[in-house]
2 protein chains.
Amino acid sequence: MSDVPPIALRNGLPPRSRNQDVIERIKTYILEKNLRPGDLLPTENELIAAIGASRTSIREAIKNLSALDIVEVRHGHGSYVGRMSMNALVESLAFRGLLSTGTDGKVMTDLVNIRQMLEQGLSPLMIETLDEVELANLRELAVRMRRLAMEGQPYVEEDRAFHIRLMNAIGNNLVSQLTEAFWQVQARVAPTLKVEPADWLRTAEAHEAIVDAIAARDLERLQHAFATHYDPIRESIAAIFESRAVSLGGAE
Amino acid sequence: MSDVPPIALRNGLPPRSRNQDVIERIKTYILEKNLRPGDLLPTENELIAAIGASRTSIREAIKNLSALDIVEVRHGHGSYVGRMSMNALVESLAFRGLLSTGTDGKVMTDLVNIRQMLEQGLSPLMIETLDEVELANLRELAVRMRRLAMEGQPYVEEDRAFHIRLMNAIGNNLVSQLTEAFWQVQARVAPTLKVEPADWLRTAEAHEAIVDAIAARDLERLQHAFATHYDPIRESIAAIFESRAVSLGGAE
DNA sequence: AGTCATTTGTACGTATGTATC
DNA sequence: GGATACATACGTACAAATGAC
């Protein structure tokens, strides 16, 4: 960006497109200026002048970057360095999940299993690091979920908070964000699944079992509790798949 | 898409932008027609007619979707349903990692730790499911890596293949793809790190230790081997951070 | 080979919507 | 409310890639 090779024909090796070119330049600009999330980027007109591309190209490049949350655009404000959240993963994976429910539901099964494996795999760390204060918070959430379930009410935010708090104990930001991303994907696809009212209660009780197992510092019990926690969802997914298989079997 | 509300002013509730509107419509189109990755999408002109938006809006929406690999565009050919790969995650996370090496390198540390935790967490499954044939393949890769390291040569593809094959044993597609994604991110950021020639040998030997531990069906040994495997990389990241801290300390 | 139609890529001009002061 | 500085949207024209004939 400091240099301004106007329409640089790139006679060199990689025959990238104009668009990829602009994307790389904006990325490089952010890296070279060592900007942080939230920092202001040049306006479109400035970028046009600096890079030497048309408004269309600049805008399409920014569109690409904003989809990845590398750039965040605020209408009438300007463009800023994005937070690089897991949003792109959520969007892509959620759509993939929705598509897969149209056939075998394999993606959602894999997703649920990965959530379980992650929590089971990090169980030793949870037992090691979760203190009594955090356990009390988790128990409060679990109790609230059971109460709501018994009243026939759904709980969403409580479930999300529970699983994220669990992972926060690990002290690894990416783990927390990945956990939240997977949760978001599941939440977005869930409405297309068959969730029985009884499942809400089972899941709520599973959360209590998880807290109990951690409090008892019992690894095997904790890992078993995680497995139990995801059983209802697995059944819901399987239910969709089977009803689909039946109707397809009848059609063939 | 079947209905053609021309410029639908959406006087209703969500004041979404034209662009988000078009994005949703294209997604809905794919879902309703139950298209699969690789299927052909309508041309830009058809979308213009069907949705009633300008070419600019259509293109910007497609740009967004192609960044998420929900749509794949081939110049002069047409647009297709994308493969919804982890590419968006890789792009976003890799850039975030590059930015973080400009300050504390926390993102890369978290990434390496997450890779280790994933492999350690799935160690029991690996021990259970990896048969002698796969073990032989893995050992061959490990031996090749050590040979290359001793000749002062780098090995990249071998390392990638090793970690992915390990995870393939789990039989969970998402796990495999996530593993590959994390590997890609690390590979893309690695050039900015300080990797000593000796590190290559240590890592290569760590791979052999992993194979040995699985062959011995020794869980503790395997988990320890994974931890050892990531030590050199952690050191490289720490090295960058410390040299940065020193120079900053001198400047302040 | 070559031309042609189709389809996406790039560019420009203009008008409109939106936020700040 | 007015003025200014943005991003957003539309329409048109031409360039470039692909495939088919």
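Heavy-atom basis, side chains included; hydrogens, waters and symmetry copies ignored. Below, chain A is the first sequence line, B the second, and so on; all start at residue 1.
- For B:Glu44, the side-chain atoms get nearest to C:dT8 when compared with the rest of C:dT18, C:dT8, D:dC6.
- If you check every strand for non-hydrogen atoms under 4.0 Å, A:Asn45 touches nothing.
- Listed pair B:Ser57 / D:dC10 meets the phosphate criterion, a side-chain N or O lying under 4.0 Å from OP1 or OP2.
- Taking only distance into account, the side chain of B:His75 meets the base of C:dT8 through a donor-acceptor pair shorter than 3.5 Å.
- With B:His207 as the partner, the side chain to side chain donor-acceptor pair (under 3.5 Å) test is satisfied by one option alone out of B:His163, B:Arg144, B:Glu158: B:His163.
- For B:Glu60 and B:Lys63, the salt-bridge test fails: no basic side-chain N is under 4.0 Å from an acidic carboxylate O.
- B:Gln20 places its CD atom 15 Å from the C1' atom of D:dA7, with the value rounded to the nearest Å.
- Note on B:Arg59: a base of the nucleic acid sits closer than 4.0 angstrom, heavy atoms only.
- Listed nucleotides: C:dT10, D:dA7, D:dC10. Nearest to the side chain of B:Thr56: D:dC10.
- Between atom OH of residue A:Tyr230 and atom CE of residue A:Met117 there is a gap of 11.0 Å, rounded to the nearest 0.5 Å.
- Distance A:Arg18 CZ to D:dA16 C1': 14 Å, rounded to the nearest Å.
- Look at A:Glu32 and A:Arg25 and you find no salt bridge, because none of the NZ, NE, NH1 or NH2 atoms lies under 4.0 Å from a carboxylate O.
- With rounding to whole Å, A:Arg55 atom CZ is found 18 Å from D:dA13 atom C1'.
- To the nearest angstrom, C1' of D:dT8 lies 17 Å from CZ of A:Arg74.
- Counting non-hydrogen atoms under 4.0 angstrom, B:His77 reaches the backbone sugars and phosphates but no base.
- In this structure, A:Ile48 places its CD1 atom 16 Å from P of D:dA5, rounding to the nearest Å.
- Rounded to whole angstrom, the span from the CD1 atom of A:Ile62 across to the P atom of D:dA9 amounts to 14 Å.
- Residue B:Val73 places its side chain closer to C:dT8 than to any other of D:dT8, C:dT8, D:dA9.
- The side chain of B:Ala53 has D:dC10 as its nearest neighbour among C:dA11, D:dA7, D:dC10.
- Distance from the side chain of B:Asn19 is smallest for D:dA9 among the nucleotides D:dA9, D:dA7, C:dA11.
- Distance A:Glu72 CD to D:dC6 P: 18 Å, rounded to the nearest Å.
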(message) Evaluate B:Thr203 against B:Met145 for side chain to side chain contact (heavy atoms under 4.5 Å, CB included), listing each step before the verdict.
(response) CA-CA 9 Å; B:Thr203 305; B:Met145 284 190 261; over 6 Å; no
